[in-house]
Amino acid sequence: MENSPANNFLEAIIAEDLASGRVQEVVTRFPPEPNGYLHIGHAKSISVNFGLAERFGGRCNLRFDDTNPEKESQEYIESIQEDVRWLGYQWDGEVRYASSYFQQLYDWAVYLVEQGDAYVCDLDAQQAREYRGTLTEPGRNSPYRDRGIAENLDLLHRMKTGEFGEGAKVLRAKIDMASPNMNMRDPILYRIRKAAHHQTGTEWVIYPTYDFAHGQEDAIEGITHSICTLEFEDHRPLYDWLIEHLPVGSRPRQYEFGRLNTSYTVTSKRKLKQLVDEGVVTGWDDPRMPTVSGMRRRGFTAQAIRRFCNMIGTTRSDGVVDVAMLEHAIRDDLNENAIRGMCVLKPLKLVLTDYPEDQVEALSAPAHPGRAELGTRTLPFTRELYIDVEDFREEANKKYKRLVLGKRVRLRNAYVIEADEVVKDDSGAVIEVRAHTVADTLGRDPDDGIKPKGVIHWVSAQKGVQATIRLYDRLFHHEAPDKADEHFLDLVNPESLQVVEGAWIEPALAAADREQNFQFEREGYFVADRFDHSSDAPVFNRTIGLRDTWNNAF
RNA sequence: UGGGGUGUCGCCAAGUGGCAAGGCACCGGGUUUUGAUCCCGGCAUUCGCAGGUUCGAAUCCUGCCACCCCAGCCA
């Protein structure tokens with residue numbers, strides 16, 4: 001149990017409930033419907049629910065709210081579990097399923113009928129809509145509302161045994177057709193669905209609705225604080241009504257918080273599916289997707305995602321969090337933990353004319369400049385190297401701190417060199433730079449006192465390894481692809497992925513484990529692809545570039 | 001226009017009657033073998049608006065405005 005001040009309204013409520021003795025322990029749950037992949041918004045909900053349990057020494061269940069067989073599948077059940085675990089959370093006990101409570105839920109439906117609180121209604125969907133009224137007009141009572149208890153019991157039983165077709169009948173709670181809250185206008189509790197269920201097969205042909213299932217599931221599991229998003233607020237009176245009218249064993253309470261929205265992102269399942277179906281991305285785990293599996297493949301760490309969720313807080317207001325905050329959380333984590341390496345994306349040959357042709361010097365470089373405990377790596381240095389095309393100019397003004405013809409630059413972790421001449425092809429493009437090393441500059445400044453202005457990275461042409469580098473950027477170039485005038489698919493950033501085939505990496509990087517994070521110095525953070533990387537054919541994904549404050553106007 | 005919510009710096013967010021935390025972003029400056037990190041400094045006389053109560057209000061009262069959610073046998 002925690003004594004530090006509450007970080008948000010939920011923590012305040014729980015601390016109070018614990019102090020007053022309303023609850024002895026905290027039990028929350030993350031209740032996804034297995035009908036899609038988890039995304040950044042779910043990560044927030046997971047963080048809230050598991051985080052609360054963690055902070056107060058309680059428990060958090062993972063419960064699949066599988067009450068609609070037509071939209072769900074086992075595939076999602078598995079991916080959701082994998083994502084939750086990857087995020088670093090462990091649910092209490094076994095995974096739970098709403099479907100394993102179907103019999104209890106049915107018995108409670110019978111109970112409601114017996115109490116005169118529910119009835120079987122024959123109105124079809126169209127008619128039900130008409131009887132429901134509108135936001136400003138009250139609804140009218142269904143003509144079946146006053147059926148006798150015995151008849152209702154008989155009808156409900158026959159619904160269950162499959163006597164009626166889909167849509168022919170529903171079970172409704174008898175509450176108030178004139179309520180200003182649409183959810184209280186005799187809400188539907190059960191509907192007929194003759195579809196096989198991924199967990200219960202063909203055992204059932206009637207399925208409880210979310211409203212009839214959720215609160216009762218919470219009660220069965222002893223959930224103390226049932227946390228959901230704001231759009232369910234209007235359902236709370238119904239949630240409470242059902243709990244009060246049923247002989248459930250515990251009294252869960254529902255609390256709502258504002259859903260997470262991120263700029264430059266879409267998270268609706270429909271839109272994400274469209275991106276996949278239209279081939280805009282390669283799949284649900286494409287590194288540009290805001291799905292948990294996509295972020296994972298992109299190189300985001302679970303710790304950074306969790307930190308981000310804490311950073312943005314949990315409130316009842318709905319806003320749009322700047323995706324720059326997420327990016328900050330990622331950089332912050334990776335800067336601290338990622339091993340450094342060098343990678344040349346656009347190679348330009350550099351020949352050190354004073355360096356022996358067959359000499360290979362094994363230089364040593366720190367794995368991390370600020371964390372000596374992470375050790376060192378060996379960097380082969382040779383006469384021919386690759387540097388980045390962007391790091392050389394025949395001439396430039398003083399703001400350019402890289403290699404310029406006739407000037408000096410420091411080769412990262414190696415010598416200071418001075419460029420002497422260039423070799424050009426027929427079109428006049430520089431294809432090679434010839435330079436010489438400045439004596440005795442390994443680990444120290446030149447004796448003549450002329451310090452180089454900048455430092456550039458490099459890879460040995462003889463010992464380096466070629467790699468495929470996937471440069472990812474934001475999928476959309478519009479801040480709010482959801483609410484723009486243009487169709488969101490027209491707002492896709494055409495440069496969200498650039499594949500570089502001929503990049504050169506220092507040899508140590510080829511041995512990277514899949515999913516290992518690195519900082520390629522002066523370029524950004526990269527991860528060895530979870531599926532495609534191998535030491536024979538290295539593949540790295542750019543997670544996020546380094547912060548760049550250089551006013552690139554020269 | 002019925003009901004339920006939310007409105008504090010460009011974004012997120014503390015604050016719950018005593019004189020506007022913090023983070024992101026941004027702008028300066030310093031350190032630096034990553035134009036990164038790090039470090040220093042700047043960044044709301046003002047809390048959706050208008051009245052009122054009070055010695056004193058972002059915090060209390062009244063009225064108004066804006067935005068979000070609800071008319072699935074989806075969750």
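FYI, side chains are in, hydrogens and waters are out, and symmetry mates aren't considered; it's all heavy atoms of this structure. Residue numbers start from 1 in every chain, and the chains themselves are labelled A, B, ... in the order their sequence lines are given, proteins ahead of strands.
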Please determine which of A:Arg63, A:Arg96, A:Arg29 meets the side-chain hydrogen bond (donor to acceptor under 3.5 Å, both in side chains) test together with A:Glu221. A:Arg63
Distance check needed: [N] [atom2] versus [X] [atom1], whole Å only.
X        : N     : atom1 : atom2 : result
A:Leu334 : B:C38 : CG    : P     : 14 Å
A:Asp318 : B:G4  : CG    : C1'   : 13 Å
A:Phe526 : B:U34 : CZ    : P     : 18 Å
A:Asn335 : B:U32 : CG    : C1'   : 13 Å
A:Glu523 : B:U37 : CD    : P     : 15 Å
A:Glu327 : B:C12 : CD    : C1'   : 15 Å
A:Asn337 : B:A36 : CG    : C1'   : 16 Å
A:Arg236 : B:G4  : CZ    : P     : 11 Å

Just checking [X]: base, sugar-phosphate only, or nothing, at a heavy-atom cut-off of under 4.0 Å?
X        : answer
A:Lys453 : nothing
A:Val416 : nothing
A:Leu442 : base
A:Pro369 : base
A:Gly454 : nothing
A:Arg522 : base

Which listed nucleotide ([options]) is nearest to the side chain of [X]?
X        : options             : value
A:Tyr400 : B:G35, B:A14, B:U34 : B:G35
A:Asp332 : B:C38, B:U1, B:G4   : B:C38
A:Thr315 : B:A14, B:U6, B:G35  : B:A14

5'-most contact on RNA chain B: A:Arg444 or A:Ala6, nearest heavy atom basis? A:Ala6
Toward the 5' end of RNA chain B, which comes first, A:Val321 or A:Thr441, by nearest nucleotide? A:Val321
Report the base-pairing partner of B:C67 (Watson-Crick or G-U wobble, both distances below 3.5 angstrom), or none. B:G5
Which one is paired to B:C73, where only Watson-Crick or G-U wobble pairs with both distances under 3.5 angstrom count? none
Given the [atom1] atoms of [N] and [M], what is the spacing between them in whole Å?
N     : M     : atom1 : result
B:U62 : B:C39 : P     : 48 Å
B:G4  : B:C11 : P     : 28 Å
B:G48 : B:G18 : C1'   : 24 Å
B:C74 : B:G22 : C1'   : 40 Å
B:C40 : B:U45 : P     : 25 Å
B:C70 : B:A75 : C1'   : 14 Å

Judged by modelled atom types alone, do [X] and [Y] share a side-chain donor-acceptor pair under 3.5 Å?
X        : Y        : result
A:Glu72  : A:His198 : yes
A:Asn141 : A:Tyr131 : no
A:Tyr37  : A:Glu75  : yes
A:Gln303 : A:Thr301 : no
A:Asp124 : A:Gln126 : no
A:Asn337 : A:Arg371 : yes
A:Glu33  : A:Tyr210 : no
A:Gln254 : A:Glu233 : no

Summarise protein proximity over nucleotides 21-29 of chain B in one line of letters, 5' to 3': B for base, S for sugar-phosphate only, - for none, counting protein heavy atoms closer than 4.0 Å. --BS-----
What does the B/S/- profile of nucleotides 70-75 of chain B look like, 5' to 3', with a 4.0 Å heavy-atom cutoff to protein? BBSBSB
Can you tell me whether the base of B:G22 sits syn or anti, using the 90° cut around 0 to define syn? anti
According to the ring-ring contact (aromatic ring centres under 6.0 Å, His included) rule, which pairs have a member within residues 159-196 of chain A, sequence neighbours left out? A:Tyr190-A:Phe212
When you measure only distances, ignoring hydrogens and angles, does the side chain of A:Gln519 come within 3.5 Å of the base of B:U34 through a donor and an acceptor? yes
Step by step, would you call A:Phe9 with A:Tyr255 a ring-ring contact (aromatic ring centres under 6.0 Å, His included)? CA-CA 10 Å; A:Phe9 75 103; A:Tyr255 297 93; 7.9 Å; no
So, A:Phe520 versus A:Phe540, ring centres under 6.0 angstrom or not? yes
